Each structure stands twice: as structure tokens, then as C-alpha cells.
Amino acid sequence: MKLIELNKKQLNIFLTEQNRAQFLQSWEWGKFQEENGFSMFRYGVEEEGKLVAVISLIKKKLFGGWNYFYAPRMSEPKVKSQKSKVLEFLFDEIEKLAKKEKCLFLRYEPNELILKSKILNLKSIDLQPAKTLMLDLSKSEEELLAGMHQKTRYNIRLAEKKGVEIINGQIKDFDEFWKLISQTGNRDGFRLHNKEYYRKMLSSLSQVKYGNNTLEVKLFLAKYQNKILSANIVTFFGDTVTYLHGASSNEDRNIMAPYLIQWEVIKKVRELGYKYYDFYGVDEKKWPGVTKFKNGFCIKNLENCEISYPGTYDLVFSKMWYNVYKILRRIRRLF
């Protein structure tokens, strides 16, 4: 086995060939991270001339010149019986890179949890949602509607009757989106990214076409009587479309625009041939209202829609400095 640096084509083709492709590992998401000031490292493991594993690493700053690597939603190696060997080799190579880049640990999110005995692995704070709902788009529209909560179907029809229109948003609509997501964050207690984060996401990732091995980010808007009542940011990658960010107005909430925008996007991407619609994150304790809303789209098949991830883990390269990092994090939380 050997470690190789990846180009865009190698990385994205490997990722999009996987079931439920993970956009957070994509080349374009990495470029977006670079626009936000982070350094990116993209590597693959090659065995007998065949690419069997890939990883995108985001280098983030800590204290005193130290850093750490973050690998969101790692993809599975393309081997059946030697996954652990491939990952051990990959992690060993990352440790060598970590020394050069002054990284204390690798924070990673595996699809399949494999612990290495010779390197300390610790459960860490979850950066991405630990549970999601994923609709199977191979079902017909009638089947998808039948799987919804009765109230969800009612709200979709109500918004249709009221004349809510779903349109493709443009960069010129960004201020409307920001206004809505600010209202949503205040109303539901969400912690938001800064304004420029969303602007950069839309400006840098929305200029591509559907149907290739490139990450696309699209803005959809729900319009009623010349007012924008709801907005969704949606990612397209491989076989999966992900509902990444949603926002809705404090006004005209009885029009039920968020329900219709979800349904119209689901219908659109199903027609385009995507296999899955990922609601991205549910948690009844953290986000009860949002989780109830999302559950309504697959309530009658909830067990099959729910997907749980192992969570986030730290692969520690320097135990002493890692303990210092944990102490500093605790102190910071006190202030």
C-alpha cells in the first residue's frame, strides 16, 4: 500500500461511486473550507494500482501554533476483508503528516467505527448530527406521500391551495435568505454561521450544473404574495441530495410554506434521478420542533428512514498536549 495525493477527479469519482455519497469529503467542499481560511489535505491509499480509500483533512488552529486535523463523514474503504488494515495504514500516514503540520490529533467521523489499539481513540464532541433521516427516492410520489404524517400532507396541500410558488434562488436573493435564517435562529435557538459563510457557500458552490461528479449547492425559495416566506439550501452530490439549511419567516406561518418547499424539492430531485434525500440532522432533545417537522415526511416508515452514525472521535498523537487542550477548552467554557 502507498499514500498518494489526490486530484479532484480521483477524489470525487471515488466518493460518488459510494452509496449515500458524503459531500463533506468532496473536493468542492474542501475548496469552500479554503475560502474560509483553512488548509486542506486530500490523500488516498493505493493498493496494487487501485485506489481503495480516500480522505479529506481540514487543518484547524488551536493554541500556541498547534493545530488539529478534522475529517468529516469519512467514506468506507473499497475492500471487503481488510478495511482495518487499510485504515491503520492511512492513520499511520496521517500521524506522520501531523508531526509536520503540528497537529495534536485527528478528529474524524467514521461510517464504520474501527479503533486502533496502539493509538488512543477518544469519543469527542459531535460536530455533525449523529442521526439523520433519509428518504428512499426510488419510491413513487404516491408512496412518498402515503409515508408522511397526515398533518404533513394537509400542510402541503394547504400551501398549494394558497398559491405558494417554489422558485430557484439566485445570489441576488441572498439578503432575503439571511433575513429569514436570522429570524429562524432567534426563534428556534439555533447557532448560526456568520453572514459571509453562507454568502461564500452560495457564490462558490452554486455555479455548476446538475448530474456530474461535482458538489452543487442550490438555493430554493417559497414565494407568497410577492414575499419570500421560506428558503432552503440544498446540496447535490453523487446519489444523494441533502437539506443542509432551512429558514422561514415569522410572518404568515399559517401558509405552511416550509412544507411545500420540501415536497417540491423532493419531487424535483427524484425526477433528476437521485436516490436519496437526506434531512441531515434530527435530535428530539436538541431540536424538538425541527425534528417533528422532518419526521412528518417519513413518519410511517421512520425505522427505515433513520440512520445513526458512530459519532466523532479523536485519534490522539500527543497525549500530554491533548490534555492541555482539554483543560483550556474547559476554562474557555467558563467565560
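Computed from a predicted model, the values in this text were never measured in an experiment.
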Problem - Beyond-backbone contact of I55 with E93, side-chain heavy atoms, under 4.5 angstrom - result: no

Problem - Parallel, tilted or perpendicular: ring planes of Y68 versus Y325, cut at 30 and 60 degrees - result: tilted

Practice task
List the atom of Q262, the atom of F293, and the distance in Å for their closest heavy-atom pair.
Solution key: CG-CZ, 3.7 Å

Handout entry: Pairing residues for A257 by the side chain to side chain contact (heavy atoms under 4.5 Å, CB included) criterion, not counting sequence neighbours
Key = V164, A222, L229, S230

Problem - Side-chain heavy-atom pair P77, V45 within 4.5 angstrom cut-off - result: no

Exercise for the section: Return the orientation label for the F220 and F236 ring planes: parallel under 30°, perpendicular over 60°, tilted otherwise. Expected result: tilted

Exercise for the section: Look up atom SG in C305 and atom CD1 in I299, then write down how far apart they are to the nearest 0.5 Å. Expected result: 9.5 Å

Exercise for the section: Check whether any side-chain heavy atom of D252 sits under 4.5 Å from a side-chain heavy atom of K162, and report yes or no. Expected result: no

Completion exercise
Closest heavy-atom pair, I261 versus A231, reported as atoms and distance to 0.1 Å, is CD1-CA, 4.1 Å

Practice task
With K99 as the cation and F317 as the aromatic partner, state whether NZ or CZ is under 6.0 Å from the six-membered ring centre and within 45° of the axis.
Solution key: no

Exercise for the section: Please examine the side chains of F23 and L244, heavy atoms only from C-beta on, and report whether any two atoms are closer than 4.5 Å. Expected result: yes

Problem - Distance (rounded to the nearest 0.5 Å) between I171 CD1 and L202 CG - result: 5.0 Å

Handout entry: L219 vs I233 side-chain heavy atoms within contact, under 4.5 Å
Key = yes

Problem - Residues forming a side chain to side chain contact (heavy atoms under 4.5 Å, CB included) with S318, sequence neighbours excluded - result: L104, W321

Exercise for the section: Would you mind reporting whether K285 and T291 have side-chain heavy atoms less than 4.5 Å apart? Expected result: no

Handout entry: Cluster check I307, I266: I/L/V/M/F/W/Y, side chain < 4.5 angstrom
Key = no

Practice task
Decide side-chain contact (heavy atoms from CB on, under 4.5 Å) for S140 and R270; before the verdict, give the C-alpha distance in whole Å, the side-chain angles of both, and the deciding distance to 0.1 Å.
Solution key: CA-CA 9 Å; S140 67; R270 180 184 170 279; 4.2 Å; yes

Practice task
Hey, could you give me the CG/CG distance between L315 and L87, rounded to the nearest 0.5 Å?
Solution key: 10.5 Å

Practice task
Verify the neighbour count for atom CD of E284: are there more than 12 heavy atoms of other residues, nucleotides or ligands below 6.0 Å?
Solution key: no

Fill in the blank from the handout: Sorted by chain and number, sequence neighbours left out, ring pair (Phe, Tyr, Trp, His ring centres under 6.0 Å) with Y276 holds for none

Handout entry: Separation of W27 CH2 from L11 CG (nearest 0.5 Å)
Key = 7.5 Å

Handout entry: Non-hydrogen side-chain atoms of E35 and Y197 separated by less than 4.5 Å
Key = no

Problem - Cluster overlap Y243 with L272, hydrophobic side-chain contacts below 4.5 Å - result: yes

Practice task
Without swapping roles, check the side chain of N155 against the backbone of T152 for a donor-acceptor pair under 3.5 Å.
Solution key: no

Exercise for the section: Indicate yes or no: does E34 engage K31 in a salt bridge with an N to O separation below 4.0 Å. Expected result: yes

Practice task
Taking all heavy atoms of Q25 and all of V54, pick out the closest pair and write down the distance.
Solution key: OE1-O, 4.4 Å

Exercise for the section: Among residues two or more places apart or on two chains, list those pairs meeting salt bridge (Lys or Arg N to Asp or Glu O under 4.0 Å) that have a residue in residues 48-70. Expected result: K59-E101

Exercise for the section: May I ask you to say whether E88 pairs ionically with K85, meaning some side-chain N is under 4.0 Å from a carboxylate O? Expected result: no

Practice task
Please check if the side chain of D239 supplies one atom and the backbone of Y274 the other of a donor-acceptor pair under 3.5 Å.
Solution key: no

Handout entry: Nearest atoms (heavy-atom pairs only) where G44 meets L6
Key = N-CG, 3.6 Å

Completion exercise
N213 and T16 have their tightest heavy-atom pair at OD1-OG1, 2.9 Å

Handout entry: Contact list for residues 144-175, test ring pair (Phe, Tyr, Trp, His ring centres under 6.0 Å), sequence neighbours left out
Key = none

Problem - Aromatic plane relationship, F190 with W287 - under 30° parallel, 30 to 60° tilted, over 60° perpendicular - result: tilted

Side-chain polar contacts of residues 181-189 - donor-acceptor pairs under 3.5 angstrom, sequence neighbours left out - could you list them?
unit_1 : atom_1 : unit_2 : atom_2 : d
S182   : OG     : W178   : O      : 2.8
Q183   : OE1    : N250   : N      : 2.8
T184   : OG1    : L180   : O      : 2.9
T184   : OG1    : S248   : N      : 2.9
T184   : OG1    : S248   : O      : 3.2
N186   : ND2    : S182   : O      : 3.2
R187   : NH1    : S248   : O      : 3.3
R187   : NH1    : N250   : OD1    : 2.6
R187   : NH2    : S248   : OG     : 2.7

Exercise for the section: State yes or no: are the ring centers of F69 and F38 separated by less than 6.0 Å? Expected result: no

Exercise for the section: Only pairs at least two apart or in different chains count here, so list each salt bridge (Lys or Arg N to Asp or Glu O under 4.0 Å) that has a residue in residues 36-45. Expected result: none

Problem - Check: Q22 side chain, R73 main-chain N or O, donor-acceptor pair, under 3.5 Å - result: no

Exercise for the section: Could you tell me which residues satisfy ring pair (Phe, Tyr, Trp, His ring centres under 6.0 Å) with F279, sequence neighbours excluded, listed by chain and number? Expected result: Y277, F297

Problem - Under the side chain to side chain contact (heavy atoms under 4.5 Å, CB included) test, residues paired with K300 that sit two or more places apart - result: R153

Quiz: residues 127-138 side-chain donor-acceptor pairs under 3.5 angstrom, not counting sequence neighbours:
unit_1 : atom_1 : unit_2 : atom_2 : d
Q128   : OE1    : Y280   : OH     : 2.3
Q128   : NE2    : Y70    : OH     : 3.1
T132   : OG1    : D278   : OD1    : 2.5
T132   : OG1    : Y280   : N      : 2.9
D136   : OD1    : S138   : N      : 3.0
D136   : OD1    : S138   : OG     : 2.7
D136   : OD2    : S138   : OG     : 3.1

Completion exercise
On a heavy-atom basis, the closest approach of E160 and L260 is CG-CD1, 3.5 Å

Exercise for the section: Give a yes or no on whether the backbone of V234 and the side-chain of N232 come within a donor-acceptor separation of less than 3.5 Å. Expected result: no

Problem - Pair E46 + K2, salt bridge at N-O below 4.0 Å - result: yes

Problem - Ring geometry between Y322 and F105 (parallel below 30°, tilted from 30 to 60°, perpendicular above 60°) - result: perpendicular

Handout entry: K102, NZ atom: more than 12 neighbouring heavy atoms under 6.0 Å
Key = yes

Exercise for the section: Starting at CZ of F41, measure out to CD1 of I58 and round the result to the nearest 0.5 Å. Expected result: 11.5 Å

Exercise for the section: Rounded to the nearest 0.5 Å, what's the gap from CD on E17 to CG on N19? Could you check? Expected result: 12.5 Å

Problem - Check: E196 main-chain N/O paired with N194 side-chain donor or acceptor under 3.5 Å - result: yes

Exercise for the section: Please name all residues satisfying ring pair (Phe, Tyr, Trp, His ring centres under 6.0 Å) with Y224, sequence neighbours left out, ordered by chain then number. Expected result: none

Practice task
Could you list the residues that satisfy side chain to side chain contact (heavy atoms under 4.5 Å, CB included) with K267, not counting sequence neighbours?
Solution key: E141, W263, E264

Problem - Donor-acceptor pair, side chain of D173 and main chain of E176, under 3.5 angstrom - result: no

Practice task
Answer whether the closest heavy-atom distance between the side chains of Y309 and E109 falls below 4.5 Å.
Solution key: no

